[in-house]
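The chains referred to below are lettered A, B, ... by the order of the sequence lines, with proteins before strands, and numbering in each begins at 1.
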Amino acid sequence: MATLYLIDGHAQFFRAYHAIRPGMRSPVTDEPTHMTFGFMGMLLKLLRQDRPEYLAVVIDAAGDRGTFRSQIYPEYKANRKPAPEDLHQQVERCVALLKQMSVPVLAVAEVEADDTIATVVRRMRREQPDLEIKIVSRDKDLGQLVDERTHLFDPQSDKTLGVEELFDSKGVRPDQVVDMLALMGDPVDNVPGVRGIGIKTAAKLITEFGSLDALLANLDKVKGKTGEAIAAQRDILPLSKSLVVLKDDVVVDFTLESARVDPGRADAVALLDAIHQLGFNRIAQELRGWLGAHAPKVGSGGGGGGVTSAPAAPVVRAAPAEDFGLFNPPPEDVFTAPALDGLAMQASARGDYRTLRTVAEVDAFVASARQACAPKSAGVPGALLAFDTETTSLNPVSTHLCGISLAFEPGKAVYIPIRSPEPETHLDEAAVLARVGPLLTDATIRKTAHNAKFDIIALRAAGVRVAGLAGDSMVASYVVDATRSTHKMDALSEAILEHRCIPITDLIGTGRHQRRFDEAPLAIAGPYAAEDSDVALRLAIALEAQVDAMGLGELYRTTEVPLVEVLAELEWNGIKVDPDELERQRRGLEVRIGALRARIEQSAPRPFNIDSPKQLAEILFNGPDDSPSGLGLKVVKRTKTGASTDVEVLEKLTLDPTVQTLLPAQILEYRQLTKLVGTYLVALREAIDAKTGRIHASFHQTVTATGRLSSSDPNLQNIPIRSDVGRAIRRAFVAAPGHVLLSLDYSQIELRVLAHLSQDPSLIAAFEAGTDIHRAVAAEVYGAALSDVTDEQRSAAKMVNFGIVYGITAWGLARRLGAGTSNERARQIIDDYKRRFAGIDAFLQRCVQEAHEHGFVATILGRRRPVPQILSRNGAERALGERIAINTVVQGSAADLIKCAMLRIYRELPTRVPSARMLLQIHDELVFEVPACDRVALEAAVREAMEGAMQLRVPLVVSSSYGSNWAED
DNA sequence: CGATCCACGTA
DNA sequence: CGTACGTGGATCGC
């Protein structure tokens, strides 16, 4: 059956624009070409793989502000970002290329592409009932057009969405899509919808009631907040619905025949001319293949004397050596998403998975793995070996192995059980590790795993020291896109390999009746476990290709992958914590809390739950006549659901002489103490490992958007230090007998990074002079001598110094400088600052510009963060994008720096101070445990590594402290 | 029991 | 209406 592909042009243009590394330019005309390159790559892949009979591209006509939607609702798409200049230029180029290929480009004035698509679909349904239609788009609005023969199609993943898939993913039929969209709204297009209802709730309600009308008729059956929200906002729903319903009676000039894919109708000479002009040699080759017999003869010169070969010398830009390529991405001709053909195809079928049950089988597999994975000869690596462990618990330090799975060939994997419900059928731990261990500890065999840190620790607990880690698909995914909501294997497998993994819940169940992995029958546990290493292997292959295509191979291989072992070491080491000290402090605070509760009850007009911000707000801000009644104080600040009762508010009330009640001050103290007890004193004691007497917190490498690490279970990166009661908690973190804790931290790391990146002479000079940086900046800004700087001036300068790397605003600074500082005054301080430190201002602007031009910013090591907010038409959102752009470059570069230091320390310690252990990283600080006698040597070694981690334009300064516990430090 | 909000600890 | 996190209690809905 014939198929018509309708490409949603701008969706694909936009996607290519962001998927492909910017910086590509035509060697002939110097015009930007990266989007054109990406779009043509997509188009050719479609032509090659799907061989459509009919193809058309649909785009919005220029000046689409006059659509019927903006007439009925002026806010429609008011959030839309203006397209970047170089996008527009390339769209025109793509349209020209399409015409040369004789692909129709449908654009109807004042009509959105979606409506044009809807019109074509409806017309074809009437005229050509048997025609298959694939709409190349992922826009959920188009779901309403889906029927038995009309699908949405995503060429990047080859994923097709039809009636069934729509039902599977959302539970709705195509005719219900409009109702669902109306209910949930669309912040991107500014379709209102009901606030508080997202896609999940909307889909559920529409499924349940069948339609929006039925829902509204039975609104009394919808309980709680959801029902109230709909009732309150029901008037907006007809408008929302009219915005999302596609118009299918547009006047559009289209015949199926005009869309016939026919290389014979292409203007082959002009087409290849243009492609060569753009410098796309590979695409030219593919186009020749598509044109087949219609391709012009090589060397014919294109008739009109165009450029068909040997383009002019590429534009090469000079980059100063110290510029680390920050704003100078090399103009490489690469895809960020290299072809995954083959990999994706194998995915749908279950692989060749075996469960090994005898010594002989294990021996045979190990031999074949060694054969395949051992280096072929000097410099020629063998195959990659993916490994994965199954364990009895999720805490790797105290867990037991259930088995190990291994894979070295995509689609094939084995599971070697160690603990299972069928112990008689398999080998014991010693027998397995004696055979598999040598593969894992052999540094010449390159290994990969998904979240290798976990497996490295679990294996170390079993006595196996993994060596030769060459990759980690979770880390690769993070390097490709740090802002992904998750880098879990099953999610990546679906997104990248088009493969749905066996859910772990199939094996161990869910909720409180969960079983352990070793209790699951091998018949299902085996394939599940084998799949893990197979998928890890295939993800590593696919993602590392993306890493390389993005030019991030060095960051990945020399920083992030080696860091996995360092973090495994940190977690393995843990930090010793004294439970008695925690308990003593807890008892002490509980007494104070008890007394406070009593005083709070006396201060309050009636009983209430002190822990409930909502009830507290009622007590403070309701009037005596309201119900529930309250003290009638003036609301200071609002949250999105009511009056705020946060510190700022309570402090203001405490200082307000007209406020008589002691309640705010008492609540402040109560909150401080209960926070310490609940979040730290109790939780930390519970986190102490019974066997080691230490806390083995997790350090995560793939969580933050900026490149920082994060810590959890428990979080050891937010142990109190600012208040005295809080800092006391650090007394419970202790060194082993005869040892000390040594802590070293970078002084002013982010400001120094800023000085380096901006190369601002004044800031550099201030750091080189080694004076108090806040005082120096104050002297500069206020034009005073260093010795004349007042405390107030220094404090303001400090505030600005911190604020500047967050993307400070006058409003924010004024608020922080305290009452009596006007926005105008704050503005003036910032302006003075930017004038005195013009290099910084220029740098901040470069960050924002970088985000605009490329859609992402990059750190010193080239780490990227997409900043989609920068293109928002919404002012607040765009301002957020600007702050993110600035902060990410500075914070992320500082994170790069300390990661380099950690690697160097990790490598040097075994020879320089083998008795020392690295325990914690707190963003700019490292904590070690070392025998007291080796403290001096360790301090020297670490200081040297930290200060020499990178050569910056300013000196790096490290300060240190030590003691038998973390507080004496 | 999970999701969401508020509040608050750190760099 | 400066950034980046993780956690705990309350609350809501399933």
Side-chain angles (χ1 to χ4, degrees), chain A residues 196 198 200-201 204 222-229 482-483 510-512 609-617 637-650 667-668 671-672 674-680 682-684 687 697-700 703-723 725-727 729-730 745-746 748-750 799-816 823 826 830 844 865 875-877 879-892 894-895 898 920-925:
Chain A
K200 296 222 169 107
T201 313
K204 196 179 64 63
V222 183
K223 302 216 173 21
K225 278 265 150 44
T226 304
E228 287 170 28
T483 59
T510 163
R512 49 205 165 88
N609 181 350
I610 311 173
D611 292 324
S612 164
K614 193 162 165 270
Q615 291 184 34
L616 174 62
K637 186 166 77 167
R638 310 194 64 86
T639 69
K640 68 172 104 159
T641 52
S644 169
T645 65
D646 68 12
V647 250
E648 199 190 320
V649 170
L650 297 181
I667 295 284
L668 277 172
R671 286 230 181 114
Q672 186 195 11
T674 51
K675 173 88 176 173
L676 294 176
V677 169
T679 309
Y680 299 104
V682 172
L684 288 175
S698 287
F699 286 91
H700 307 284
V703 170
T704 72
T706 55
R708 274 190 176 181
L709 302 180
S710 77
S711 163
S712 73
D713 310 292
N715 180 358
L716 293 185
Q717 290 180 321
N718 71 344
I719 302 302
I721 191 166
R722 291 174 188 170
S723 76
V725 253
R727 185 167 42 241
I729 291 175
R730 296 184 171 219
D745 67 288
Y746 281 116
Q748 304 297 345
I749 188 61
E750 292 190 347
M799 217 78 89
V800 179
N801 278 336
F802 280 112
I804 209 90
V805 297
Y806 296 143
I808 199 167
T809 64
W811 189 89
L813 180 65
R815 219 177 50 143
R816 263 155 255 267
N823 282 0
I830 294 172
L844 301 181
R865 173 180 184 178
E877 185 75 358
L880 173 64
E882 294 176 354
R883 294 193 298 271
I884 287 173
I886 292 165
N887 179 253
T888 296
V889 174
V890 178
Q891 186 188 112
I898 195 166
L920 305 176
Q921 188 253 39
I922 306 112
H923 309 308
D924 64 356
E925 173 187 7

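Of the side-chain N and O atoms in A:R671, one or more sit less than 4.0 angstrom from OP1 or OP2 of B:dC8. A:R722 has a side-chain polar atom (N or O) that falls below the 4.0 Å cut-off from OP1 or OP2 of B:dA11. An OP1 or OP2 oxygen of C:dG6 is reached within less than 4.0 angstrom by no side-chain nitrogen or oxygen of A:T679. One finds a side-chain N or O of A:S644 lying less than 4.0 angstrom from the OP1 or OP2 phosphate oxygen of B:dA7. Phosphate proximity of C:dG9 to A:T674: absent, as no side-chain N or O sits under 4.0 Å from OP1 or OP2.
For A:S612, the listed nucleotide lying nearest its side chain is C:dT11; candidates were B:dA11, B:dA7, C:dT11. For A:Y806, the side-chain atoms get nearest to C:dT3 when compared with the rest of C:dG6, B:dC8, C:dT3. For A:T704, the side-chain atoms get nearest to C:dC5 when compared with the rest of B:dC8, C:dC5, B:dA11. Checking C:dA4, B:dG9, C:dG2 against the side-chain heavy atoms of A:Y680 singles out B:dG9 as nearest. Between C:dG2, C:dT3, B:dC6, one nucleotide has an atom nearer to the side chain of A:I884 than all others, and that is C:dT3. Here the nucleotide nearest the side chain of A:A683, chosen from C:dG8, B:dG9, C:dA4, is C:dG8. Distances were taken from every side-chain heavy atom of A:R816 (C-beta onward) to each of C:dA10, C:dG6, C:dG2; the shortest belongs to C:dG2. Of the candidates C:dG9, C:dT3, C:dT11, C:dT3 carries the atom nearest the A:Q891 side chain, counting heavy atoms from C-beta on. When each of B:dC8, C:dG6, C:dT7 is scored by its nearest atom to the side-chain atoms of A:V647, the top-ranked nucleotide is B:dC8.
In this structure, A:G812 reaches the sugar-phosphate backbone alone: every heavy-atom distance under 4.0 Å involves primed, P, OP1 or OP2 atoms, never a base. Residue-level contact check: A:R708 touches the bases, meaning some heavy atom is under 4.0 Å from a base atom. A:T888 comes within contact range of no nucleotide atom at all, as no heavy-atom separation falls under 4.0 Å. As judged by a 4.0 angstrom heavy-atom cut-off over every strand, A:I886 is placed among residues making no nucleic acid contact. Among the protein residues, A:L880 comes within range of the sugar-phosphate backbone only, with heavy atoms under 4.0 Å from sugar or phosphate atoms but none that close to a base. Across all strands, A:A705 comes closer than 4.0 Å only to sugar-phosphate atoms, never to a base (heavy-atom distances). Across all strands, A:Q615 comes closer than 4.0 Å only to sugar-phosphate atoms, never to a base (heavy-atom distances). When heavy atoms are screened at a 4.0 angstrom cut-off, A:R865 is found touching the sugar-phosphate backbone but no base atom. At a threshold of 4.0 angstrom between heavy atoms, the contacts of A:V890 with the nucleic acid are absent. Residue contacts shown for A:L709 are absent, as no nucleic acid heavy atom lies under 4.0 Å away. Within the 4.0 angstrom heavy-atom criterion, only backbone atoms of the sugar-phosphate kind lie near A:I721; the bases stay farther away. Across all strands, A:V805 comes closer than 4.0 Å to no nucleic acid atom at all (heavy-atom distances).
Here the straight-line distance linking atom CG of A:L844 with atom CG of A:N887 works out to 11.0 Å at 0.5 Å rounding. One distance of note links CG of A:L716 with CD1 of A:I922; it measures 8.0 Å at 0.5 Å rounding.
The interatomic distance linking A:K637 (NZ) with C:dC1 (C1') rounds to 11 Å, in whole Å. When rounded to the nearest whole Å, the span between CZ of A:F699 and C1' of C:dG6 equals 13 Å.
Comment: A:E750 engages A:R708 in a salt bridge, judged by a side-chain N to carboxylate O separation of less than 4.0 angstrom.
For C:dG2 and B:dC5, the C1' atoms lie 22 Å apart once the distance is rounded to whole Å.
In terms of polar N and O atoms assigned as donor or acceptor, the side chain of A:N718 comes within less than 3.5 Å of the base of B:dG9 in a complementary pairing.
With 3.5 Å as the limit, one finds no donor-acceptor pair spanning the side chains of A:H700 and A:S711. Residues A:R638 and A:S644 have side chains that never bring a donor and an acceptor to within less than 3.5 angstrom of each other.
Where A:N887 and A:N715 meet DNA chain C, the nucleotide closest to each residue was compared, and A:N887 sits on the side nearer the 5' end.
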